[in-house]
Amino acid sequence: MPDDWKDRLQKLIQEHLDVPEAAIAATRSLLNARGRSARQPDEIARGYWPTVCLFWTTDQGTVEVEVSATAYEYSGPSERLDIRRFEHAGEPLVSNELLALVPT
């Protein structure tokens, strides 16, 4: 099911009308940039703020990417929590550095 994330994102959008269109578009850009053969998020949810949260479970812990209208915030597993912010300002391009951090 290579495009299952599209259905799950659509369901989230229908359930949470307050999530900004820019956050939804940035989520689509990120998941499309990863390609059809990339591992899909294990979970897609609305964040505390009106954001989209993507979760991947790994042997080292959980990787989360929270997508807002202006930025991607990566939280990754390590001995110390690794948090990085990648501004996108509504642009469709996704940072190669972010793409390299997300589990494949």
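Worth knowing before you read on, the calculation uses all heavy atoms, side chains too, and leaves out hydrogens, waters and symmetry mates.
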Please determine whether side chain to side chain contact (heavy atoms under 4.5 Å, CB included) holds for the pair T70 and R85, giving the CA-CA distance in whole Å, both sets of side-chain angles, and the decisive distance to 0.1 Å. CA-CA 10 Å; T70 59; R85 185 175 175 87; 3.8 Å; yes

>> Within the 3.5 Å criterion, strictly below it, is a donor on R8 or Q40 matched to an acceptor on the partner's side chain?
In response: yes

Only one of L54, V67, L101 passes side-chain contact (heavy atoms from CB on, under 4.5 Å) with Y72, and that residue is V67

What one should report as the nearest heavy-atom pair of F55 and C53 is CE1-CB, 3.5 Å

Sequence neighbours excluded, the answer for side chain to side chain donor-acceptor pair (under 3.5 Å) partners of E97 is R84

* Asked: Does R34 reach the side chain of V102, with side-chain heavy atoms less than 4.5 Å apart?
  -> yes

For this session: Determine, step by step, whether T27 and V52 satisfy the side chain to side chain contact (heavy atoms under 4.5 Å, CB included) criterion, reporting the C-alpha distance in whole Å, the side-chain angles of both residues, the deciding distance to 0.1 Å, and the verdict.
Result: CA-CA 7 Å; T27 301; V52 177; 3.5 Å; yes

- Ignoring hydrogens and geometry, is there a side-chain-to-backbone donor-acceptor pair from D18 to P50 under 3.5 Å? no

dist T57:OG1 -> D42:CG (nearest 0.5 Å) comes out at 4.5 Å

Exercise. Check step by step if side chain to side chain contact (heavy atoms under 4.5 Å, CB included) holds for E73 and I83.
Key: CA-CA 7 Å; E73 186 173 282; I83 299 175; 4.0 Å; yes

Does some side-chain heavy atom of V94 sit less than 4.5 Å from a side-chain heavy atom of L30?
yes

Stepwise side chain to side chain contact (heavy atoms under 4.5 Å, CB included) test for L31 and K6:
CA-CA 9 Å; L31 295 174; K6 291 179 182 178; over 6 Å; no

Is there a side-chain hydrogen bond (donor to acceptor under 3.5 Å, both in side chains) between T51 and E66 once you walk through the steps?
-> CA-CA 7 Å; T51 58; E66 184 171 12; 2.7 Å; yes

dist L98:CG -> Y74:OH (nearest 0.5 Å) comes out at 9.0 Å

The reported gap from CZ in F86 to CG in L99 (rounded to nearest 0.5 angstrom) is 9.0 Å

To the nearest 0.5 Å, atom CG of L17 lies from atom CG of L12 at 10.0 Å

Practice problem: Would you check if I13 and V19 make a side-chain contact, meaning some heavy-atom pair closer than 4.5 Å? | Solution: no

Minimal heavy-atom distance between A69 and A22, with the atoms involved, is O-CB, 3.7 Å

**OP:** Answer yes or no: is there a side-chain heavy-atom contact under 4.5 Å between P77 and T58?
**Re:** yes

Side-chain contact test, heavy atoms from C-beta onward, threshold under 4.5 Å: evaluate it for T62 versus W56 and give yes or no. no

For A71, does its backbone N or O pair with a side-chain atom of H88 as donor and acceptor, under 3.5 Å? yes

